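Note sheet for the following structure.
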Amino acid sequence: MGGVVPRSVSALPLLLLLLLLLQAERPRGAELTFELPDNAKQCFHEEVEQGVKFSLDYQVITGGHYDVDCFMKDPLGNTIYSETKKQYDSFTHKAEVKGVYQFCFSNEFSTFSHKTVYFDFQVGDEPPILPDMGNRVTALTQMESACVTIHEALKTVIDSQKHYRLREAQDRARAEDLNSRVSYWSIGETIALFVVSFSQVLLLKSFFTEKRPISRTVHS
Amino acid sequence: MGLPALLLLALCVASARGLYFHIGETEKRCFIEEIPDETMVIGNYRTQMWDKQKEVFLPSTPGLGMHVEVKDPEGKVVLSRQYGSEGRFTFTSHTPGDHQICLHSNSTRMALFAGGRLRVHLDIQVGEHTNNYPEIAAKDKLTELQLRARQLLDQVEQIQKEQDYQRYREERFRLISESTNQRVLWWSIAQTVILILTGIWQMRHLKSFFEAKKLV
């Protein structure tokens, strides 16, 4: 941004205005996957305008029993959503108050399993790809409305692919867990088998070795 | 001269929006992005420091930097750089899988950070969301309809990449399942054989023991 200096003085405000519009039209929403250590709580905040609808959906991908606590508070401190030990959920809300909304994920009920949580927080509608597309005066042509339909359909496809990927990541984590558990338990059981059989023999032998003097006194 | 300054201020304020969270001084926050091959990821962040006297978050913190580290699915470091209090990092994946993006502050002036809280605004865009359509329209001189068509093409490309990644993941999953199957089978056979052999050994050992003790 600092590289090019426009020659005419009047171009600078125009450039800044264009940049401002571009910034304003950046998609509002965040989709993150983060690690939540055991006994920890992590919060995220976002500023939302009044009357704007936002949605939060989250899913636990790996860790423990694949569950997490989640709660959401509005700028006034009221809890607008609160769930405990959920694997996945989706929540939409229309912002009545303008301000900073916060949502937190808590793993405080777990003592040793750290979790990976995915969340998708979308605020408002998707902005148009060109700033002036939003201020159309005329109706859309057939081609344009076909493009819009295809775009919405593709968005649905991408969304379902994403959910499939998360579900598959969860299943794969469980499968890897099962695989390693089979190994450890098998080795553990083999060791236990050896220990038990040797100690059985030793114990039995000890009955017949120590009790000899006692058995003699009993017989006589 | 007042208008550009006003617009510049508005620009700064506009970029103050976005999701944010708080991190401690030495805390490291990691985010995971599961992405297919050859996908671009752009991350933007902005930090604000807590001012203990004024009890407010300062708008910008000169001198405070963030260290960004990105690891690929094999654990190899793809990007490891120090940025200022405001930064933008980009990387492209060359292997499909879980990429880990870690952020931590490199605050050297510990006294300033005694309050312990740093507000980090973060925005990570992946794949087709990294495309800047106004820029593409200006560069290739596309009409609105052509731009819409370009967006659809980008979306379809992303869907295709995701499908390829899905095939790769399912193969991995199948290998894990088959490995578990093999392990269960072989360990069961091995344990049964060990059980029988141990039983035989026990009987023989005890028999010879009792014969030596003249009890049998």
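As the structure is a prediction and not an experimental result, all values here were calculated from the model. Numbers restart at 1 for each chain; the letters A, B, ... are given by sequence-line order, proteins then strands.
Put simply, CG on B/Leu79 and NZ on B/Lys71 are 12.5 Å apart, with the number rounded to the nearest 0.5 Å.
Highest contact tally toward chain A, considering only B/Arg29, B/Glu170, B/His22, is held by B/Arg29 [criterion: heavy-atom pairs under 4.5 Å]. Of the listed residues B/Arg119, B/Glu128, B/Arg172, B/Gln100, the one with more heavy-atom pairs under 4.5 angstrom with chain A than any other is B/Arg172. Note: B/Leu145 leads B/Ile124, B/Leu145, B/Asp98 in heavy-atom pairs under 4.5 Å with chain A. The most heavy-atom pairs under 4.5 Å with chain B, out of A/Leu166, A/Leu178, A/Val48, A/Ile187, come from A/Ile187. Contact count versus chain B (heavy atoms, under 4.5 Å) is highest, among A/Val182, A/Asp171, A/Ile150, A/Val201, for A/Val201. Most heavy-atom pairs under 4.5 Å with chain B, from the set A/Arg165, A/Gln102, A/Arg172, A/Glu176: that is A/Arg165. Note: A/Glu168 leads A/Glu144, A/Met143, A/Glu35, A/Glu168 in heavy-atom pairs under 4.5 Å with chain B. The greatest number of non-hydrogen atom pairs below 4.5 Å with chain B, out of A/Glu31, A/His151, A/Glu189, A/Gln200, is found for A/His151.
Ring orientation note: the planes of B/Phe209 and A/Phe208 are nearly perpendicular, at an angle over 60° on the 30°/60° scale. Relative ring orientation between B/Tyr83 and B/Phe89 is described as tilted, the plane-to-plane angle lying within the 30° to 60° band.
Proximity to chain A involves both the backbone and the side chain of B/Gln191, based on heavy atoms less than 4.5 angstrom apart. For a residue to count as touching a neighbouring chain, one of its non-hydrogen atoms must lie under 4.5 Å from one of that chain's; by this rule B/Gln151 touches chain A with the side chain only. Using a 4.5 Å cut-off between heavy atoms, A/Leu36 makes no contact with chain B at all. Using a 4.5 Å cut-off between heavy atoms, A/Ala30 contacts chain B through its side chain alone, with no backbone atom that close. Looking at A/Thr116, only its side chain comes within 4.5 Å of chain B, counting heavy atoms on both sides. Both the backbone and the side chain of A/Lys155 come within contact range of chain B, judged by heavy atoms closer than 4.5 Å. Interface remark: A/Val123 contributes no atoms to any contact with chain B (heavy atom separation under 4.5 Å). Of the atoms belonging to A/Cys43, it is backbone heavy atoms, and not side-chain ones, that fall under 4.5 Å from chain B. Interface remark: B/Gln155 contributes backbone and side-chain atoms alike to the contact with chain A (heavy atom separation under 4.5 Å). Residue contact with chain B, scored on non-hydrogen atoms closer than 4.5 Å, is absent for A/Tyr118. Heavy atoms of B/Thr198 lying under 4.5 Å from chain A belong exclusively to its side chain. Contact of B/Ile101 with chain A is not made at all, since no heavy-atom distance falls under 4.5 Å.
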Worksheet item: Please walk me through it: do B/His121 and B/Thr47 pass side chain to side chain donor-acceptor pair (under 3.5 Å)?
Response: CA-CA 6 Å; B/His121 297 254; B/Thr47 55; over 6 Å; no
Discussion item. Between B/Tyr133 and B/Asp154, does the side chain to side chain donor-acceptor pair (under 3.5 Å) criterion hold? Intermediate values first, please.
Written reply: CA-CA 11 Å; B/Tyr133 288 105; B/Asp154 289 337; 2.9 Å; yes
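Between B/Arg150 and B/Asp140 there is a salt bridge, since a side-chain N of the basic residue sits under 4.0 Å from a carboxylate O of the acidic one. Between B/Arg174 and B/Glu171, none of the side-chain N atoms (NZ, or NE/NH1/NH2) sits under 4.0 Å from a carboxylate O, so this pair counts as no salt bridge. Remark: A/Asp159 engages A/Lys162 in a salt bridge, criterion side-chain N to carboxylate O under 4.0 Å.
The cationic group of B/Arg169 lies under 6.0 Å from the six-membered ring centre of B/Tyr165 and within 45° of the ring axis, placing it in a cation-pi geometry. A cation-pi arrangement is not found for B/Arg46 relative to B/Tyr20, the charged atom failing to lie both closer than 6.0 Å to the ring centre and inside a 45° cone about the ring normal.
Counting heavy atoms from C-beta outward, A/Tyr101 and A/Pro75 have side chains that approach closer than 4.5 Å. Using a 4.5 Å cut-off on side-chain heavy atoms (C-beta onward), B/Met40 and B/Thr90 make contact.
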